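Just below is one structure, and these are the notes that go with it.
Predicted model only: the values in this text are computed from it and were never measured. Order of the sequence lines fixes the chain letters, A, B, ..., with proteins taken first and strands second; residue numbering starts at 1 for each chain.
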Amino acid sequence: MMEGWLSAEEAQAVWLSLSVATRSVLVSLGPAVLVAWLLVRGRFPGRFLLDALVHLPLVVPPVVVGWALLMLFGVRGPIGAPLEEWFGIRLVFTSDAVVLATAVMGFPLIVRAVRLGLESVDEGLEAAARTLGAGRWDVFVTITLPLMLPGILAGAVVAFAAGLGEFGAVITFASNVPGETQTLPLAIYTATQTPGGEATAARLAGISFALALGGLMLAELIARRMHRWLGRG
Amino acid sequence: MMEGWLSAEEAQAVWLSLSVATRSVLVSLGPAVLVAWLLVRGRFPGRFLLDALVHLPLVVPPVVVGWALLMLFGVRGPIGAPLEEWFGIRLVFTSDAVVLATAVMGFPLIVRAVRLGLESVDEGLEAAARTLGAGRWDVFVTITLPLMLPGILAGAVVAFAAGLGEFGAVITFASNVPGETQTLPLAIYTATQTPGGEATAARLAGISFALALGGLMLAELIARRMHRWLGRG
Amino acid sequence: MLEVRLRHRFPGFALDAGFTAGPGVTALFGPSGCGKSTILAAIAGLFRPDEGRVTLAGEALLDTATRRFLPPERRRCAVVFQEGRLFPHLSVEGNLRYGLRRAPAGADGPGFEVVVDLLGLGGLLARRPRALSGGEKQRVALGRALLSRPRLLLMDEPLAALDAPRRAEILPFLARLRDMEGPPILYVTHALEEVDALADALVLLEAGRVLAQGSPDELSLRPDLPLAARRDAGAVLTCTVAAHDPARGLTRLAFPGGTLEVPLRREAPGARLRIRLRARDIAVARTRPEGVSIHNILPCRLVAITPSAQHPDEVLLRLRVGEAVLLSRVLRDAVARLELREGDEVFALLKAVALDHAPG
Amino acid sequence: MLEVRLRHRFPGFALDAGFTAGPGVTALFGPSGCGKSTILAAIAGLFRPDEGRVTLAGEALLDTATRRFLPPERRRCAVVFQEGRLFPHLSVEGNLRYGLRRAPAGADGPGFEVVVDLLGLGGLLARRPRALSGGEKQRVALGRALLSRPRLLLMDEPLAALDAPRRAEILPFLARLRDMEGPPILYVTHALEEVDALADALVLLEAGRVLAQGSPDELSLRPDLPLAARRDAGAVLTCTVAAHDPARGLTRLAFPGGTLEVPLRREAPGARLRIRLRARDIAVARTRPEGVSIHNILPCRLVAITPSAQHPDEVLLRLRVGEAVLLSRVLRDAVARLELREGDEVFALLKAVALDHAPG
Amino acid sequence: QAPVTVFAAASLADALRLLGAEWAAHGHPAPRVSLAASSTLARQIEQGAGADLFLSADEAWMDHLQQRNLILPETRRSPIGNALALVTPTDQARQVALARGTDLLALLGPRGRLAVGDPAHVPAGRYARAAMEWMGQWDALSPRLARAENVRAALLLVERGEAPFGIVYATDAAASARVAVAGLFPPGSHPPVTYPFALTRRAADNAAARAFLDFLAGPEAAPVWRRLGFSLAG
Ligand SMILES: Nc1ncnc2c1ncn2[C@@H]1O[C@H](COP(=O)(O)OP(=O)(O)OP(=O)(O)O)[C@@H](O)[C@H]1O
Ligand SMILES: Nc1ncnc2c1ncn2[C@@H]1O[C@H](COP(=O)(O)OP(=O)(O)OP(=O)(O)O)[C@@H](O)[C@H]1O
Ligand code: MOO
Ligand SMILES: [Mg+2]
Ligand SMILES: [Mg+2]
C-alpha cells in the first residue's frame, strides 16, 4: 500500500492521464468534425452504416476494442506493419498507443456532441455566406466551424472526462508500462488488485474525479463565454 | 474453440445482454429524467456538484465503479448489509447486480441526452399550460415529458448500446456466471481466456455489434415518427 | 373588476403602471417595448414583479406587501399568446380540452361544442397544430383559453403574427367572443384597427407608464395623446344600424347627431357598431357641395383648431355633429384659404368607401 | 439584363415562371406561397430547379439544358434575406467585410466607408448582431450584400419582419441605394408601399406563374389584375417636384396632365418621384366645388366605369387627366346619383393629406 | 440437486470446460463456473458471493480468504502446478538457456519488450518477477516490460509479434500454435506455481461441492490436467 500523498509513479500516472486525455481529444476533434458533418449533411448511401460504425467502440467491450486495435496496429497488423516499414513508426507500448486507444473509445461520445452542435447551425447562414462569394470550404471554416464550437466543446469535455477513465482498451492495446503507458485508471486497477490496496485506489479515484471535475468546470466557463460570443447569451 | 452457430451458453449470454441492457435503461430513465430536470431547471447551490457526480462513472475506470458497487452493495457493504437484513434482498452476483452496474455506467450518457431533450422544450408551452390550470407536476407529465421524448429516446439508445458492451463494472460487481451474470462482453472475455478463443470472441463481438446496430436502427425509425408526432417533421 | 398596480425594474427599463379594467374588453395599447407583455405576465402569474398588487373581483392574485403570490394555475387567468403556444403533441381537440379538463367543476362558461362552433373549429379537431395555418392556430389558442373557464382572459397581440387577410379572418371571432358575456378581457395590441373593433376601454402605455385610461372614443379625440399623430388617427363613432338599402348598395348608420351612409353591411338593423372615421379622410367645406360623389356631407360646428405636433403644416379640426365629435386633418393652408375660425358652421365631407369594409 | 425562365414541381406546387429584369429595381410581387423565394433562391444558386435557364448580362448562371450550374459563390448575386442572416459570431464590421474580402479584385462598387455612411452604420461597427434592433440588422445585411460587389442584388422581403416605424426607417436607405447606380436589384415584396417607393419594373406572380410584367404605373391601372382589388389600389403617378411653398406648407408636383399640391416635401425642385393616388381617396364631382378644404381638384374625362370584382356595390372609375390616368373608387350608388357616363367631363377631388408622407 | 458454483482463475478456463463436461457426463449437474482474475474472485467471495469452490491461481488470495475465515482450511489443497516458460513468436523460434545471469535484456534488442502479466497484481507476473530476480535481471528488465492485464493478454502480445519474448505459463505456451517455447525456467528460479483449491465456508455442508473438489484433485482429472500441460503435485 502507498503511504503519503503521491508517489513519483502515481504523479507520473496523473500527468500521463492528463496528457493522454488531452491529446486524445485533440486528435479526435478533426475526424469527429468530419464524421459529424458527413452524418448531418451527407446524403450518401452508407450513412447509416457509418453512424453504426462510429458507435462501435461504445457497443463492444473496451477490451475487445483494444484487441482489435492490436490486430490492426500491431507490428504485424494491416496498418501497423506498413506504418513501421515505411515510416518507422511503432505504436504499441508507447503513449501514442494509449492516446489512440483512448481516442477511439471517446470517438462516439465526441461525434454525438459535435453532431448536435452542427445540427444547431442554421444552414441559412451558410447559404448566405456562399452568395457572398465564399466557397464550400471557406464557408465551413469561417461560418460552420465557429458556430458549432459549443458542440465541439461539449464533445471535447465528455471525451476528456471519459479519457481520464479509459482502461480496458488501453491496457490491452498499450499494455501497462509505468511512466509510459500507465495512466491513472491503470494505477487504480493495479491498486484494487492488490490485497489491501483499497485506500490507494480510493485516493487515486478521488484524484481522477477531481481532474474530471476541473475539466467540466472549465468547460462550463468556456461554454458560457462562447454562448455570449455567438450571440445566444 | 466453439464450432457451430451459437452454443446454449452463448445464446443465454445474448439473451441476458439484451435483457440487461433493456432493464438497465428502464431503471435509469426515471432517475435520469429527474436529474436532467434538476440540472436544467434547478437553481440550487449543489447543481454543479450534481453534474460532476453524474459524470463520475464516465471518469473512473469501470472496474473501479464495479469495485465501489461491490463495497457498497456487498453483503457487508453499508447499503448491501441493511438491504439483506431488512428486506432479504441480496443484489450482488445476481442479474439484478448486472443491471445495476450497467445502469450506473450508462447513467451519464442517458442524462446528457435527456438533458438536451429537456433544453429543447419551450418553457413558453409550460407557462401556457399553467395558465390553463395545470399545476407544476401536471405540466411536467402532460407537456414537458412528452416533448422531451426524443431526447429520452436518444439517451435510451446510447445507454442501451453502451449497456450491451459493459464489461469491467459487471465482471467486478456481478461476477461472471454463465446463464446468470455472464453477458456477451463477459462471454467474449471468457473466450479470450481460452486458447484459440479468438474466433469465438470475434463472432460474439459481431453479434454484439449487430444487436447494437439493430437498436440504433429501431431508434432512428422511432425518432422519425416521434418528430413527426411532435410536429417537427 | 381587475385592479393592477405594478412596479418593476429591468436593466434599462422601469415599469410603474396602475390601471383598472371592468367587464368587456380593455385594450392595453402602446409601442413595442413599453411593457405590455410584462404586465400581462405579472397578472397571469408567470412573472413576479418587484412590487405590486393585482386583485380580481376583490381577491388578491398578487400582493408583494403581504407576500402573496397565487400560482398561475390557481389564478384562472387564461392567456392567448402572440405565438399561439399550442401543444404540438396534442391534436386540436386535445389542446382545446386541456384547459377544460382542468377547470373547476363549478366554473361556468361555454361548452366544448359552443366554442368549436363559435370559432369554426369543427373541421380541425383531429389535426395537429403543425397542420394549421397561422390564423387557424390562433383560433384554436383562443378556444383553448376560453374553454379553461377563465375568470379573466389575457390576450397578448393575438393577431400580430398574422398578415392582413388572416387578421381579418379572426377579428370577427374575437368580436363574437366579446359579445358573448364571457369573462373580462385584457387585450394587448398596437393596432388601432383592433382597438376600434373590440375595445370597450383603452389603457395607453408608454415606456412602462400609463399615459391615459378611458373609453376609446374619448381618448381618440385627445390631440395631446400619441394616438392623434398616427396616420390612422381619427374619431370613433358608436353607431346603430338604421336601415339597409341593398338596391343602392348602402347601409345607413345612425349616430347621436346624424346618419352615415356606408357600403352595405351584414349586421342586422339595430346592431351597434363602432366606426373609426379617420381624420385624414375627412374634408370640410364652407357650403354644401353639389354633384359630388361623396356620400356623407354632415353639417357641423368647428369647435377647435389644433396644430398637429408631428406635422407642422397640418392641423386637426375638431367638428361637432350633434353630440358626436369628428376629427379632420387638413393642411394649415386650407384653414387660411377658407378662413376657418373656431365656431364656424361647416360641412364635413366623407367618402363612403373610405370606411373599412366591415369584418365578417 | 437578367433573363429568368424556371420550371419546378414541389408536391402541391408548380413553378413555371419567366421574366426579364433590366437595370434599377424590379419588384417581384405576389401573395404568400406564390414562389417568390423559390425564384430568388434559384437565381442565387441556392436551389436547383428541375428545368430552367438564368442568364445575367449574357452569361448563363444556370442552364439545365446544358447541365450548367454555377455555384453560388461564383454567381455574385448577393441576397438580402428576410431574416437578415447576419453571422452571429462576427461583429457588424466583420459581417460587412465578409463579402468585401471575397469580392474579385477588379469588381467595382462603393467602398466600405461609403456604404457605412450610406446606411448609417458608423456607430454600430463594433457591435454584435444580437445587440442590434431589427431595423439595424437589416441595414447591416443590406450593407454586407452591397459590399460583396454583386452583379445582381436579390432582396427577399427585406422589410417584412419589421414593424411600421422600422420599415419607414429603412425604406429611404433602399431608395438611396437604388439611386446610386449600383447593380440591378430584384426585390421581393408583398407591400405595395415598397413597390411604389422603389420599383422601376414590376413582375406580378400568382401560384407560380407570372401574371403580368410591366411598369408599376401601367400595371396598377389594370382592373383585371389583383392589384385593383386591394384597399391600397390606385394609380401611380410619376411626377417632378415643380416648386416648394414653405409659407403655405405645400409642394407643387407636376405630372403630364396637371399639378398636384401635397404637404411640403424634402426633395429638391426637379426631382422625380412616384406618388400612389389611392382610388379610395379620390372622389369625383360634376362641377368644381367651391369653398372646400380639398386642395386638388383636377378636371378630367371619365374614360371607363369598371365594376369591382370584390365588392359588388363599388365601381372603379378610370379618369384621364392630360396624359395621366387616375383611378377613383366610389359606390355604385354615386354613379347612379350623378348619372355618370363614360366620356363625361368630371372633376377628381383629392385631399392633400391623404397622400402618404414622403419617406426620408 | 443444485449445480456447484465454482469461482475459478481465468487461466483455468479450458481445463474447467473439459472437466466440467466430464463431471456432467458422470450424471452430475454441470458446475456453474465464474471465470475472472483470482483477485476479483477473492474480493467477490469476501463480499458474500455464492461460490462453493474457489480455484485460485495464487496462494496469496487464498491466504487472504483464509485469514478472513471464508474458506474451509481443511479442504484447501494445491493438486496442480505449472511451469514458467519463456516464449517467442513461432517464426522467431529459438532456444534460450535460462540460468542465473542470462542476459535477457540483450535478447530483447534495442526496442523489444518482454510481455508478462503485470507483476503488480497478476500471479503469473509475480512468478515472472521472481524468475527475473533470480536471473539478476529484474532491475534491468523492469522498465522494458509490457505488463498485461492477465497472462493471456501477455501471450497475445507475443503471438502477435508485438513483443519478441514473453513469460507465460507452460500451459499457455502449449495451447498456442503461434508461440514457441524458448526455455522453461528451472524449478528453483521462482516459487512453485501452484493452484490452491478450497471449499468456501458456505459450502461446508455441500456434499456435491466436496465431491467435485475431490474429482478435480483426483486421478480421474489427472489426464486432463496433464494433457493441458499442468504438472501434478507429488
Ligand atoms: N427578463 C427580462 N430581462 C430584462 N429586460 C426585460 C425582460 N423582459 C422584458 N424586458 C424589457 O422590458 C421592456 C418591456 O418588455 P415587454 O415585453 O413587456 O414589452 P411589450 O410592450 O410587450 O413589447 P412588444 O410590443 O414588443 O411585445 C423591454 O424594454 C424589454 O427589453
Ligand atoms: N423544399 C420545398 N419542398 C416542398 N415545397 C416547397 C419547398 N420550398 C417551397 N415549397 C412550396 O413552394 C411554394 C412557394 O414557396 P416560396 O417560399 O417560394 O413562396 P413565397 O412566394 O416566397 O412565399 P412567402 O411570401 O410566404 O415567402 C409554397 O407552396 C411552398 O410550400
Ligand atoms: O385635405 Mo386638404 O386638401 O389639406 O384640405
Ligand atoms: Mg409583448
Ligand atoms: Mg418567401
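Within the 4.5 angstrom heavy-atom criterion, only side-chain atoms of A:L109, from C-beta onward, approach chain B. Neither the backbone nor the side chain of A:L184 comes within contact range of chain B; no heavy atoms are under 4.5 Å apart. For chain A, no part of B:L186 is nearby; none of its heavy atoms comes within less than 4.5 Å. For chain B, no part of A:V65 is nearby; none of its heavy atoms comes within less than 4.5 Å. Using a 4.5 Å cut-off between heavy atoms, B:A154 touches chain A through backbone and side chain atoms alike. Using a 4.5 Å cut-off between heavy atoms, B:I188 contacts chain A through its side chain alone, with no backbone atom that close.
Expressed to the nearest 0.5 Å, how far CZ of A:R23 lies from CG of A:L16 amounts to 7.5 Å. For the atom pair B:L50 CG and B:H55 NE2, the distance stands at 10.5 Å (nearest 0.5 Å). For the atom pair B:I152 CD1 and B:L116 CG, the distance stands at 12.5 Å (nearest 0.5 Å).
The two residues B:M71 and B:P78 make their nearest non-hydrogen contact at O-CD, 3.3 Å.
Taking chain A as the reference chain and counting heavy-atom pairs below 4.5 Å, the highest number among B:L49, B:L56, B:L164 is found for B:L56. Chain A forms the most heavy-atom pairs under 4.5 Å with one residue out of B:L53, B:L58, B:L204, B:T172, and that residue is B:L58.
Under the 4.5 Å side-chain criterion, counting only non-hydrogen atoms from C-beta, A:V64 is not in contact with B:P185. You'll find the side chain of A:R41 reaches within 4.5 Å of the side chain of A:L118, heavy atoms only.
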